[in-house]
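Notes follow the structure.
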Amino acid sequence: MLERIDSTLTQKKEKVERVHKLPDLPGAVQGKVVMRFAPGPSGPLHLGHTRVAVLNDEYVKRYDGKFINRIEDTNPDKIDPDAYDMIPEDLEWLGIKVHETVVQSERFPFYYDLARQLIKMGKAYICTCPADDWRKMKEESRPCPHHDESVEVTMEKWEKMLAGHYGEEKAVFVVKTDLNHPNPAIRDFVGFRIVTSTPHPRQGSKYCVYPMMNFCVAVDDHFLGLTHVIRGKDHLNNTLRQEYLFNYFGWTMPWYHHYGLVSIPDAILKTSTVGKGIKTGEYSGWDDVRLGTVRAMAKRGIQADAIRAFWVDCGIKEVDIEFSWETLYAYNRDRIDKIADRFSFVPEPQPLDVCGVDHLDSKAPLHPDHPERGYREHHLSGKPIMVFVSEADLTQAIEAGRVRLKDLANVELKAGKSKFIGNDLAILKEKVKIINWVPDSYQSCTVFMPDGSKKVGYVERLPEDEAGKVVQFERFGFVRIGRISPDVEAYYTHN
RNA sequence: GCUCCCGUAGUGUAGUGGCCAAUCAUGUUGGCCUUUCGAGUCAACGACCCGGGUUCAAAUCCCGGCGGGAGCACCA
């Protein structure tokens with residue numbers, strides 16, 4: 001301990017630029033840390049999930065521990081069968097190493113056993129009151145008539161429950177906590193319920209008694225050997241409920257930590273809404289660029305690395321925070337700027353004739369800082385030579401009278417035509433603007449923007465190997481190339 | 001209504017009694033540089049929720065307000 005303090009003190013003096021790092025986990029032992037990610041399989045992962053997934057992964061990697069992906073599929077109403085495959089795919093894309101996968105619907109008999117043990121301890125009862133009545137009595141700190149039934153009676157009712165003697169909503173297994181607990185959120189909670197109307201996508205109608213999240217979480221967190229749990233603040237009260245189970249069974253609790261809630265502005269995240277939208281054709285799929293899914297981020301050219309850096313930077317504090325697209329984009333730009341080849345794209349293209357010259361050659365680097373990567377070359381001829389420029393640029397250029405076609409020529413404009421006036425870069429010192437152009441060997445290109453709009457224009461011919469890569473359309477922004485032929489489709493990343 | 005959590009610049013973050021007239025990042029503005037409105041570079045802007053108390057000394061400890069969030073589900 002003292003050594004640690006000493007080293008941080010000396011470090012502090014030496015550090016000029018401090019990189020934000022996550023704090024150490026209390027009681028973490030190298031090689032012994034076990035953590036988990038516990039999504040409900042209602043769809044693929046979205047930005048909100050990435051925080052908890054990344055943070056847990058960061059710690060597992062730091063301590064050379066184990067990362068468990070626990071699929072919490074105990075509510076058949078909210079299961080998308082495809083999610084069982086999509087979640088691991090998304091985790092892999094995020095660079096998260098999963099060491100073990102647990103699916104809760106495969107463990108129902110195990111949960112049933114523990115339920116029996118709990119009944120034997122007198123810590124649970126089977127309630128057959130109408131749900132509203134039970135809830136109301138709880139609010140008033142009153143026990144329902146079944147609260148104090150004997151172990152024998154309770155056990156008998158439990159077996160009847162399992163045997164299907166009760167219909168849906170006719171009986172629940174309740175974990176006793178403390179009806180007089182000042183916090184109404186902590187008083188007796190439901191551990192198992194009956195589900196018969198919706199078959200489970202994986203188990204069919206094999207089971208009619210379904211465990212509830214709070215029961216499974218406590219049981220699994222213990223039996224899977226978790227040492228540290230990091231999750232959202234919305235689970236704060238759940239942890240207090242789960243604590244009762246740990247105490248009844250005599251288990252030691254892992255270290256639980258709850259970070260603040262994140263609000264992600266302008267993000268479409270809600271799985272059920274998106275799922276419906278996909279069915280109706282409103283969205284093209286889970287990777288529709290308007291969505292906040294991991295898939296959409298990938299499609300747009302957001303790097304997993306940038307998302308990771310963002311969450312590490314946010315830390316694990318309990319304060320609620322607001323997600324900043326600007327900051328994520330800054331981290332992402334930092335990563336893609338180095339690797340993105342540059343191309344010329346002109347939205348709303350307008351033809352422009354360049355008179356007074358027979359042919360023009362253009363040679364521009366794929367990346368201005370890395371000429372060794374090669375060049376884009378165009379050899380233009382014709383009488384006159386025709387190029388395309390964007391409508392907005394053309395308007396401004398006509399107003400200015402002179403303009404530099406980037407890496408090509410200086411031209412003088414009047415009445416929609418232009419005249420070659422040399423190639424001397426000194427003209428830039430005279431505040432002449434540079435604009436982009438494409439030759440008549442262009443490809444049509446549609447850029448899909450995150451707000452759902454499209455920018456249609458021409459792009460200079462792209463090498464086939466740019467498909468799937470992030471490139472920069474000069475003076476337009478970074479995009480990820482979806483396809484190259486027959487026409488180019490690209491997804492806007494950010495500026 | 002009850003219970004719990006939280007409150008440092010626009011956003012995120014460092015800071016656990018003195019080295020804090022407060023760190024870093026992002027953002028914004030301006031300069032330089034650059035054949036992109038990208039990158040780089042230099043500078044500026046911008047914060048300890050409020051009020052008491054403890055102390056020689058408080059962003060840091062205590063109390064009270066105020067503000068924000070979550071939970072009180074037979075969802076996760």
Side-chain angles (χ1 to χ4, degrees), chain A residues 12-13 15-21 23 38-42 72-75 77-78 104 127 129-132 134-135 138-139 141 168-174 181-187 189-195 210 212-214 216-217 231-241 258 260-263 265 271 309-315 317-331 333-334 336-338 340 342-345 362 364-365 367-369 404-410 423 425 427-428 432-436 472-478 494-495:
Chain A
K12 208 172 187 174
K13 273 181 193 166
K15 261 187 245 171
V16 182
E17 235 178 76
R18 183 180 36 74
V19 182
H20 184 224
K21 223 179 113 217
S42 55
E72 307 207 325
D73 56 344
T74 54
N75 180 5
D77 275 330
K78 288 186 182 166
Q104 288 185 327
C127 174
C129 300
D132 289 342
W134 175 74
R135 212 176 294 126
K138 229 173 52 150
E139 252 169 55
S141 286
E168 208 161 89
E169 293 185 17
K170 297 298 181 205
V172 283
F173 171 103
V174 180
H181 199 290
N183 184 350
I186 311 297
R187 297 172 198 158
F189 63 90
V190 176
F192 292 83
R193 62 172 177 154
I194 292 167
V195 179
Y210 279 68
M212 303 290 291
M213 179 262 276
N214 276 307
C216 295
V217 166
R231 52 177 175 172
K233 219 165 98 175
D234 46 328
H235 286 293
L236 223 35
N237 282 321
N238 288 323
T239 300
L240 294 173
R241 291 197 266 227
H258 304 86
L261 266 28
V262 191
S263 75
T271 332
F310 180 85
W311 290 127
V312 168
D313 195 45
C314 285
K317 291 206 309 187
E318 299 200 330
V319 284
D320 295 343
I321 61 170
E322 189 175 331
F323 181 86
S324 165
W325 289 102
E326 282 301 333
T327 306
L328 176 66
Y329 292 163
Y331 283 129
R333 191 177 299 115
D334 195 43
I336 63 179
D337 183 69
K338 293 175 247 166
R342 269 56 173 172
F343 295 98
S344 191
F345 166 74
S362 160
H367 194 293
D369 304 328
R404 165 94 186 143
L405 296 172
K406 188 169 182 293
D407 304 300
L408 184 71
N410 303 332
N423 228 328
L425 292 178
I427 197 172
L428 299 177
V432 168
K433 290 272 192 282
I434 298 170
I435 64 168
N436 284 92
Q472 190 200 52
F473 285 172
E474 290 170 329
R475 297 174 56 251
F476 179 80
F478 293 92
H494 47 67
N495 64 344

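Source: prediction; values computed, not measured. By convention in this document, chain letters (A, B, ...) are assigned in the order of the sequence lines, proteins followed by strands, and residues within each chain are numbered from 1.
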Exercise. Across the strands shown, which category fits A:Glu318 at heavy-atom distances under 4.0 angstrom: base, sugar-phosphate, nothing?
Worked result: sugar-phosphate
For this session: Identify whether any heavy atom of A:Phe473 sits under 4.0 Å from a base atom; if not, whether one sits that close to sugar-phosphate; answer base, sugar-phosphate or nothing.
Result: nothing
Exercise. Can you name the residues that form a side-chain hydrogen bond (donor to acceptor under 3.5 Å, both in side chains) with A:His494, not counting sequence neighbours?
Worked result: A:Asn332
For this session: Please name all residues satisfying side-chain hydrogen bond (donor to acceptor under 3.5 Å, both in side chains) with A:Asp407, sequence neighbours left out, ordered by chain then number.
Result: none
For this session: Could you let me know what B:G46 is paired to, Watson-Crick or G-U wobble, both distances under 3.5 Å, or none if it's on its own?
Result: none
Exercise. Should A:Pro365 and A:Arg342 count as side-chain neighbours, where that means a heavy-atom distance under 4.5 Å?
Worked result: no
Exercise. Between A:Val217 and A:Glu72, is any pair of side-chain heavy atoms under 4.5 Å apart?
Worked result: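 Yes - at least one pair of side-chain heavy atoms lies under 4.5 Å apart.
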Exercise. Could you give the distance from OH (A:Tyr329) to CD1 (A:Ile336), rounded to the nearest 0.5 Å?
Worked result: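 Spacing of OH (A:Tyr329) from CD1 (A:Ile336) equals 10.5 Å.
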Exercise. Got a second to check how far A:Arg231's CZ is from A:Thr239's OG1, nearest 0.5 Å?
Worked result: 3.5 Å
Exercise. Would you say A:Arg404's side chain and A:Leu425's backbone share a donor-acceptor pair under 3.5 angstrom?
Worked result: no
Exercise. Would you say the side-chain atoms of A:Asn410 pair up with the backbone N or O of A:Leu405, donor to acceptor, closer than 3.5 Å?
Worked result: no
Do any N or O atoms of the protein come closer than 3.5 Å to N or O atoms of nucleotides 46-49 of chain B, and which pairs are they?
none

Problem set entry | Separation of the C1' atoms in B:C4 and B:A47, to the nearest angstrom |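 My reading of the C1' atoms in B:C4 and B:A47 gives 28 Å.
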Problem set entry | B/S/- contact track for nucleotides 26-32 of chain B, protein heavy atom under 4.0 Å | SS-----
Exercise. Quick one: what's the B/S/- string for nucleotides 63-76 of chain B, heavy-atom cutoff under 4.0 Å, read 5' to 3'?
Worked result: -----BSSBBSBBB
Exercise. Between B:G38 and A:Lys338, is there an OP1 or OP2 to side-chain N/O distance shorter than 4.0 Å?
Worked result: no
Exercise. Excluding sequence neighbours, so at least two apart, what forms ring pair (Phe, Tyr, Trp, His ring centres under 6.0 Å) with A:Phe476?
Worked result: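 Residues passing ring pair (Phe, Tyr, Trp, His ring centres under 6.0 Å) with A:Phe476: A:Phe345, A:Tyr492.
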For this session: For the side chain of A:Leu425, starting at C-beta, report the closest nucleotide among B:U8, B:G38, B:U35.
Result: B:U35
Exercise. Among B:G38, B:U13, B:U36, which nucleotide sits nearest the side chain of A:Lys317?
Worked result: B:U13
For this session: Answer yes or no: side-chain N or O of A:Asp369 and base N or O of B:G38 forming a donor-acceptor pair under 3.5 Å.
Result: yes
